[in-house]
Amino acid sequence: GRPPRIVLSYFGTVEDVVSIGHELGHALQFTVAGQARDGLTFDAPLALDEIAPAFTELLVQDWLIEHEPDPRLRRLYAAKRVDTAIDAIFMSTFLTRFETRAHELRATGEALTDERIRELWLDCGRPFYGPPVTLPPNWGLHWAMVPHVVHERFYSYTYAFARLIGLTVHAQYRRDPDELRSRLLDMLALGSTAGPAEQLALLGIDLSDRATWLAGIAEFERLLAPLL
């Protein structure tokens with residue numbers, strides 16, 4: 001019955017404003033589901049936890065770009081929107097691959113020494129950055145700075161999943177805001193009473209259809225196009 005609380009550091013930067021937009025997505029989900037469900041069923045399945053935040057974050061970025069009079073800053077905000085999407089999709093995929101490989105090796109009985117973990121991090125990071133970037137050896141320690149790897153194991157994939165779905169939802173919102181709004185609220189109200197596939201079907205999203213993910217990429221390309 002209590003409203004959600006948002007706790008974060010705020011210094012008035014654009015990143016801080018976008019962060020508030022992200023966390024308000026969580027608050028929206030908890031509020032809507034909390035009103036419709038009990039304490040055991042209000043929390044959504046893990047795969048869906050970041051969809052509302054990904055969508056509300058995009059809405060805040062849209063507002064900042066639309067209301068910024070300085071064309072240089074508008075372009076900067078648009079670039080930041082794309083950069084955030086790249087980080088959410090590709091960096092999260094990199095983190096998930098690193099975690100998967102580390103746990104697979106440990107399951108075989110191999111000791112995950114400091115040196116071996118560094119090697120894994122570098123091996124998974126090279127495809128992310130590509131051949132033009134030379135990664136220093138000490139960068140292999142960077143995994144220890146990612147709290148999700150330590151405290152929320154196998155959570156990172158939800159960011160990539162949610163950003164692509166959020167981009168698809170964003171495209172739907174542009175076409176018909178009112179129609180999307182009602183369906184999205186209905187989905188958020190389900191909490192954990194239905195699985196991810198069933199919940200997203202309310203938005204017309206089929207997780208088994210490759211076109212679902214291509215729609216998210218297409219929306220990303222639309223956001224990127226003005227910067228090229």
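Everything numeric here is computed off the predicted structure, so don't read it as measured data. Just the heavy atoms: all of them, side chains too, but no hydrogens, waters or symmetry mates, feed the values below.
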Practice problem: Report the relative orientation of the aromatic rings in Phe30 and His26; use parallel for angles under 30°, tilted for 30 to 60°, perpendicular for over 60°. | Solution: parallel
Taking all heavy atoms of [X] and all of [Y], pick out the closest pair and write down the distance.
X      : Y      : result
Leu207 : Trp213 : O-NE1, 3.7 Å
Ile205 : Val169 : CD1-CG2, 4.2 Å
Ala54  : Ala162 : CB-O, 3.7 Å
Gly25  : Ala52  : O-CB, 3.5 Å
Ala160 : Ser92  : N-CB, 3.9 Å
Ala189 : Ala36  : O-CB, 3.6 Å

Quiz prompt | Steps toward side chain to side chain contact (heavy atoms under 4.5 Å, CB included) verdict (Arg37, Thr193) | solution = CA-CA 9 Å; Arg37 307 297 165 188; Thr193 61; 3.8 Å; yes
Practice problem: Start with the C-alpha distance between Thr84 and Asp87, add both sets of side-chain angles, then the distance that settles side-chain hydrogen bond (donor to acceptor under 3.5 Å, both in side chains), and finish with yes or no. | Solution: CA-CA 5 Å; Thr84 302; Asp87 189 61; over 6 Å; no
Quiz item: Could you go step by step and tell me if Tyr157 and Glu99 meet the side chain to side chain contact (heavy atoms under 4.5 Å, CB included) rule?
Solution: CA-CA 10 Å; Tyr157 85 90; Glu99 283 188 277; over 6 Å; no
Using the rule that Ile, Leu, Val, Met, Phe, Trp and Tyr join whenever any side-chain heavy atoms are under 4.5 Å apart, tell me whether [X] and [Y] fall into a single cluster.
X      : Y      : value
Val150 : Leu105 : yes
Val32  : Leu40  : no
Leu122 : Leu141 : no
Phe90  : Leu214 : no
Val133 : Leu95  : yes

Could you grab the distance from atom [atom1] of [X] to atom [atom2] of [Y], nearest 0.5 Å is fine?
X      : Y      : atom1 : atom2 : answer
Gln61  : Leu59  : CD    : CG    : 9.5 Å
Ile217 : Leu164 : CD1   : CG    : 5.0 Å
His142 : Leu135 : NE2   : CG    : 11.0 Å
Leu46  : Phe161 : CG    : CZ    : 10.0 Å
Arg97  : Cys124 : CZ    : SG    : 8.5 Å
Arg153 : Thr96  : CZ    : OG1   : 14.0 Å

Under 4.0 Å between a Lys/Arg side-chain N and an Asp/Glu carboxylate O for [X] and [Y]?
X      : Y      : answer
Arg183 : Glu179 : yes
Arg101 : Glu104 : no
Arg74  : Asp70  : no
Arg116 : Glu110 : yes
Arg81  : Asp62  : yes

Self-check item: Sidechain-backbone polar pair: Thr41 side chain, Ser192 backbone, donor-acceptor under 3.5 Å
Solution: no
Exercise. Please check if the side chain of Gln172 supplies one atom and the backbone of Leu203 the other of a donor-acceptor pair under 3.5 Å.
Key: yes
Quiz item: Checking side chain to side chain contact (heavy atoms under 4.5 Å, CB included) for the pair Phe55/Leu167: CA distance, chi angles, key distance, verdict?
Solution: CA-CA 7 Å; Phe55 176 58; Leu167 286 163; over 6 Å; no
Contact between [X] and [Y] at the side-chain level, heavy atoms closer than 4.5 Å - yes or no?
X      : Y      : value
Thr113 : Ile117 : no
Leu202 : Leu184 : no
Pro147 : Glu152 : no
Asp49  : Tyr155 : yes
Ser182 : Leu185 : no
Asp206 : Leu200 : no
Thr212 : Ile165 : yes
Ile86  : Met91  : no

I'd like a table of donor-acceptor pairs (distance under 3.5 Å, sequence neighbours excluded) in which one partner is a side-chain atom from residues 220-228, with atom names and distances.
residue, atom, partner, partner atom, Å
Arg222, NE, Glu219, OE1, 3.3
Arg222, NE, Glu219, OE2, 3.3
Arg222, NH2, Glu219, OE2, 3.2

Practice problem: Check the pair Ser19 / Asp16 against side-chain hydrogen bond (donor to acceptor under 3.5 Å, both in side chains), numbers first and verdict last. | Solution: CA-CA 5 Å; Ser19 293; Asp16 292 336; 5.2 Å; no
Exercise. Verify whether the ring centers belonging to Phe94 and Trp143 lie closer than 6.0 Å.
Key: no
Self-check item: Pairs flagged by salt bridge (Lys or Arg N to Asp or Glu O under 4.0 Å) wherever residues 50-60 is involved - sequence neighbours left out
Solution: Glu57-Arg163
Exercise. Return yes when atom CZ of Arg181 has more than 12 non-hydrogen atoms of other residues, nucleotides or ligands closer than 6.0 Å, and no otherwise.
Key: yes
Self-check item: Residues clustering with Leu64 (ILVMFWY side chains joined when closer than 4.5 Å, directly or via others)
Solution: Ile6, Leu8, Tyr10, Val14, Val17, Val18, Ile20, Leu24, Val60, Trp63, Ile65, Leu73, Leu76, Tyr77
Quiz item: Given Phe98, which of Phe128, Trp121, Phe154 fulfils the ring-ring contact (aromatic ring centres under 6.0 Å, His included) condition?
Solution: Trp121
